Amino acid sequence: MATRDHKAFSSFLSQEAVFFSGDKPLRGAQQVADWWKRYYEDPDAPFSWEPEEVEVLDSGTLAMSSGPVRNPKESSSPPSRRSGRLEDTGKWHIIFDKGSRACPPKP
């Protein structure tokens with residue numbers, strides 16, 4: 001997202017990806033890539049995300065990460081969770097992505 005490279009983003013999507021974006025889940029790499037293209041049209045990224053917590057199966061083939069989504073125009077940081085799978089190519093691909101509602105700031 002930060003480098004504004006939609007093609008690179010798309011390369012990390014599993015063919016079985018499910019993203020909870022908009023009114024209904026997006027299914028498959030192409031549908032996700034097409035819908036998310038809007039986030040790459042402007043020169044500035046509309047948000048950023050980074051993992052705060054990562055858990056990997058002992059087999060090393062599936063992982064879940066979660067962390068805040070940062071919107072430069074808002075102070076709230078709702079969390080987002082992603083799951084990735086190590087595929088036959090030896091590369092990690094995103095299989096699930098789902099955000100949460102913003103939580104109030106901790107006192």
Side-chain angles (χ1 to χ4, degrees):
M1 180 68 71
T3 61
R4 317 305 297 130
D5 189 342
H6 181 259
K7 185 176 179 180
F9 163 76
S10 299
S11 76
F12 286 99
L13 297 171
S14 169
Q15 291 304 310
E16 298 180 285
V18 177
F19 273 49
F20 295 84
S21 301
D23 296 334
K24 63 180 184 171
L26 304 171
R27 296 191 163 275
Q30 190 63 56
Q31 191 176 54
V32 171
D34 290 347
W35 200 89
W36 273 61
K37 189 164 180 62
R38 69 188 76 203
Y39 295 128
Y40 290 86
E41 293 173 352
D42 292 334
D44 296 321
F47 60 86
S48 64
W49 177 85
E50 63 184 313
E52 285 186 339
E53 182 179 3
V54 178
E55 290 293 331
V56 182
L57 292 180
D58 290 341
S59 66
T61 59
L62 184 68
M64 188 278 305
S65 60
S66 63
V69 174
R70 298 197 195 315
N71 182 335
K73 297 176 184 162
E74 297 177 11
S75 60
S76 61
S77 296
S80 177
R81 292 178 300 283
R82 291 194 171 106
S83 295
R85 174 175 60 202
L86 186 61
E87 298 192 340
D88 292 338
T89 61
K91 181 179 173 183
W92 283 94
H93 288 89
I94 305 166
I95 54 173
F96 288 104
D97 181 274
K98 185 172 185 176
S100 301
R101 295 191 186 277
C103 299
K106 293 180 181 180

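Everything numeric here is computed off the predicted structure, so don't read it as measured data.
The environment of NZ in K37 is sparse: at most 12 heavy-atom neighbours from other residues, nucleotides or ligands sit within 6.0 Å.
The shortest distance between side-chain heavy atoms of S48 and M1 does not fall below 4.5 Å. Using a 4.5 Å heavy-atom threshold, the side chains of R70 and E50 count as touching. Between L62 and I95 there is a side-chain heavy-atom pair separated by less than 4.5 Å.
The distance from atom OG of S83 to atom CH2 of W92, rounded to the nearest 0.5 Å, is 10.0 Å. Note that OG of S59 and CG of L86 are 9.0 Å apart. Values are rounded to the nearest 0.5 Å.
Evaluation of the ring-ring contact (aromatic ring centres under 6.0 Å, His included) rule for Y40 yields H6, F9 as partners, not counting sequence neighbours.
Of all heavy-atom pairs between N71 and P46, the closest is OD1-O, 3.8 Å. Contact record, S65 with P51: CB-CB, 4.1 Å, taken as the closest heavy-atom pair.
Linking Ile, Leu, Val, Met, Phe, Trp and Tyr residues whenever their side-chain heavy atoms come within less than 4.5 Å places W35 and L13 in a single cluster. V56 and I94 fall into different hydrophobic clusters, where Ile, Leu, Val, Met, Phe, Trp and Tyr side chains are chained together by heavy-atom contacts under 4.5 Å. Clustering ILVMFWY residues whenever any of their side-chain heavy atoms sit less than 4.5 angstrom apart, transitively, puts Y39 in the very cluster that holds V32. V69 and M64 fall into different hydrophobic clusters, where Ile, Leu, Val, Met, Phe, Trp and Tyr are joined by side-chain heavy atoms under 4.5 Å apart, directly or via other members.
Under the 3.5 Å distance criterion, the side-chain polar atoms of D42 are left unmatched by any main-chain donor or acceptor of D44.
Ring to ring, W36 and F19 are close: their centroids are under 6.0 angstrom apart.
Here the rule is side-chain hydrogen bond (donor to acceptor under 3.5 Å, both in side chains) with E16, and of R27, R85, H93 only R85 fits it.
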